[in-house]
Each structure stands twice: as structure tokens, then as C-alpha cells.
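What follows is one structure encoded as C-alpha cells, with my remarks underneath.
What you see below is based on every heavy atom in this structure, not just the backbone, and it leaves out hydrogens, waters and symmetry mates. Lettering follows sequence order; numbering is per chain, from 1.
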Number of protein chains: 2
Amino acid sequence: MENPKHLEIVEHLKDHLTVSSELENMVALFKALGDVTRVRIILALAESTLSVTELTEVLDLNQSTVSHQLSLLKQQNLVKGTRNGKNIHYELSDRHIMTIVDQVKAHVLEH
Amino acid sequence: MENPKHLEIVEHLKDHLTVSSELENMVALFKALGDVTRVRIILALAESTLSVTELTEVLDLNQSTVSHQLSLLKQQNLVKGTRNGKNIHYELSDRHIMTIVDQVKAHVLEH
DNA sequence: TTAAGATATGCACATATGTTGATATGTATT
DNA sequence: AATACATATCAACATATGTGCATATCTTAA
């Protein structure tokens, strides 16, 4: 493992692994999905558009908690809400998210 | 949105969204990837097997920090290390991980 | 067996994070 | 305008997390 080629790669990595904003955005996305409450919200919205109150009931959570986590998910462009009268209907802002979630689920099931 | 079908779905979700160990494992995986240092380690190991010391140099981190995060990544079955004399060569325990990382990268670049 | 290099671990600290109660804001109904 | 319902926000707290120092453990070389 101490051959020239390896040293070359190691040298190369020093430049390649700087903390870019792209990296930070990726980490922010992972972090957003790294919480049970938020993933449960995602999974719920994957099946149906839901209001905050409905999410509160379905997930058996505090209304304040749901609002807080929704705002965090909104910041990461994972969900979006549209107002309908008194209610706000939340939905996944991007179906692509579920690809990632499903991939992780598949990975977990293999272990 | 107040039709019977919607109510039916909402009813169904209550059972469907319990906090299973499968869910917790998924969240644990996301959480493991929700840190800049750990993702940098993953990205480095994606390109080459590396010892702890090499990771320390390449990523410009404290040796203790690298060891701590490696042990966390090991717990999640993301990396594995094999001893070679004084060194321990770390590598990704599963190429499949990169599929997830790449997917997230792609998603981030679309925004 | 002693010394030196490589890695892991325990501890402490600062910071980040998730939750909740209280309250504010927005919206429709009367 | 007053009330009630839905959602968001603020402040505070408890807990979780990442890092680094000091030190322990393991391995090889002398």
C-alpha cells in the first residue's frame, strides 16, 4: 500500500476534499433526514398531502413540534405548503426524495 | 381534500407510521451521513483505502477526531478496517453507500 | 524488554438540536 | 368586530453531538 500510485492518490485527495458549499448542502440534506420525526413526516406526505393538524394527529405529535420540523424541511426544499383557507396543505416538494429514502431503506434491510 | 378517500388514507397512516426499528435504522444511517467530517471520510475512502494517519493528514484533522468518527461509521457498517502491521487500512464496507451519496449530490446540484 | 509508531478510548467542554408551553399571526364565519 | 380555528414563532430547557487533550492499547523493530 506504500507504492507510488497510492501516494499520488493521497496527494490528490488533499485538494479534492475541501469543505465546499456543495458538500455542506449534501450534509444539510442528510441532517434533515437524520431525525425520526422528520422522516415520519416525509413518509406520511409520501402517501398523501396533509395539513399540519392532520400530521399532528396521524403522528401523535405536538402541533408546535410539527410546525418546527416542517419549517426545517421547507428550508431544505423537501416539502412545500400551499394554503387552502384556514389550512395549509403540505406535500413533498420533489418526488425524487423518495428515491433516496427508498434506497436507504433497501440498504438497511440488507443488514 | 375532505373527501372520504382522504380520511381513509389518514386513518391508515396512523398504523403505518409507527416508530419501527427499521425506521430507526434508516434514521441512524442518515444521521451518520449528516456530518461534514464523516462525509469527507466517506468521500476519501471512496477513492482509496486509507490508514487513520493518512485520513488525518488528507483531511487535516485531529487523529482523535478521525478515530472517533471512524468508530461511529463502523457501527453503522459504512466502513471496515483491516489491520496491516501497525496500520489499519480503512475502506468502505459497501460500494452501495456511494449510490446514496451520489444520489444526494445529484439532488443538491438540481437546486 | 524497551522504545516508538499507530490507533482507540475516556473525559470534559462548548455547541447544536428537539421538544414544549405560551403566545402571536393569519383566516374564515357569524 | 368578535370569535374560533389553524399555523407559526419565541423562549427555555434538557439532551445529543463533535472535538481535542490525555492516556491506554496494540504492534513492530531494535
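dT27(D) atom C1' lies 8 Å from atom NZ of Lys86(B), rounded to whole Å. Rounded to an integer number of Å, the gap from NZ of Lys74(A) to P of dT7(D) is 11 Å. Distance Asn84(A) CG to dG26(C) P: 18 Å, rounded to the nearest Å. Rounded to whole Å, the distance from CG on Asn87(A) to C1' on dG26(C) is 12 Å. As a whole-Å value, the separation of Ile88(B) CD1 from dG5(C) P is 18 Å. One can place CG of Leu72(A) at 12 Å from C1' of dA16(C), the figure rounded to the nearest angstrom. Atom pair Leu73(B):CG and dA8(C):P shows a separation of 12 Å (rounding to whole Å applied). Leu70(A) has its CG atom 14 Å from the C1' atom of dG18(C), to the nearest Å.
Across all strands, Gln69(B) comes closer than 4.0 Å only to sugar-phosphate atoms, never to a base (heavy-atom distances). Here Ser71(B) lies out of heavy-atom contact (under 4.0 Å) with every strand. Thr53(A) comes within 4.0 angstrom of sugar-phosphate atoms only, judged by non-hydrogen atoms across all strands, and of no base. Residue Ser64(B) is in base contact, counting any heavy-atom pair closer than 4.0 Å across all strands shown.
Taken to the nearest 0.5 Å, the OG1 atom of Thr37(A) stands 4.5 Å off from the CG atom of Asp35(A).
Between Tyr90(B) and dA6(C) there is no side-chain polar atom (N or O) within less than 4.0 angstrom of OP1 or OP2. Here Arg83(B) does not reach the OP1 or OP2 of dT7(C): none of its side-chain N or O atoms lies under 4.0 Å away. Dashed line: the shortest gap from a side-chain N or O of Ser67(A) to OP1 or OP2 of dT7(D) is not under 4.0 Å.
The side-chain heavy atoms of Leu45(B) and Thr49(B), taken from C-beta on, include no pair separated by under 4.5 Å. Residues Tyr90(A) and Lys74(A) have side chains in contact (heavy-atom distance under 4.5 Å, counting atoms from C-beta outward). The side-chain heavy atoms of Ile88(A) and Ser51(A), taken from C-beta on, include no pair separated by under 4.5 Å.
Looking at Gln63(A), its side chain comes within 3.5 Å of the base of dA8(D) through a donor and an acceptor atom.
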Review item, side-chain donor-acceptor pairs of residues 13-20 of chain B, under 3.5 Å, at least two apart:
{"unit_1": "Lys14(B)", "atom_1": "NZ", "unit_2": "Glu11(B)", "atom_2": "OE2", "d": "3.4"}
{"unit_1": "His16(B)", "atom_1": "ND1", "unit_2": "Glu47(A)", "atom_2": "OE2", "d": "3.1"}
{"unit_1": "Ser20(B)", "atom_1": "OG", "unit_2": "Leu23(B)", "atom_2": "N", "d": "3.1"}

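Checking each of Asp94(A), Thr99(A), Asn77(A) against His107(B) for a side-chain hydrogen bond (donor to acceptor under 3.5 Å, both in side chains) leaves exactly one that passes, namely Asp94(A).
Judged by centroid separation below 5.5 Å and plane tilt below 30°, His68(B) stacks onto the base of dT9(C).
Across every non-hydrogen atom of Leu55(B) and Ala44(B), the tightest pair is CD2-CB, 3.9 Å. Taking both residues in full, the closest heavy atoms of Ala32(A) and Leu72(A) are given as CB-CD2, 4.3 Å, listed atom of the first, atom of the second, then distance.
Listed by residue number, the members of residues 10-40 of chain A with any heavy atom below 4.0 angstrom from DNA chain C are Lys31(A), Asp35(A), Thr37(A), Arg38(A).
Along DNA chain C, the nucleotide closest to Val66(A) and the one closest to Ser51(B) are compared, and the more 5′ of them pairs with Ser51(B).
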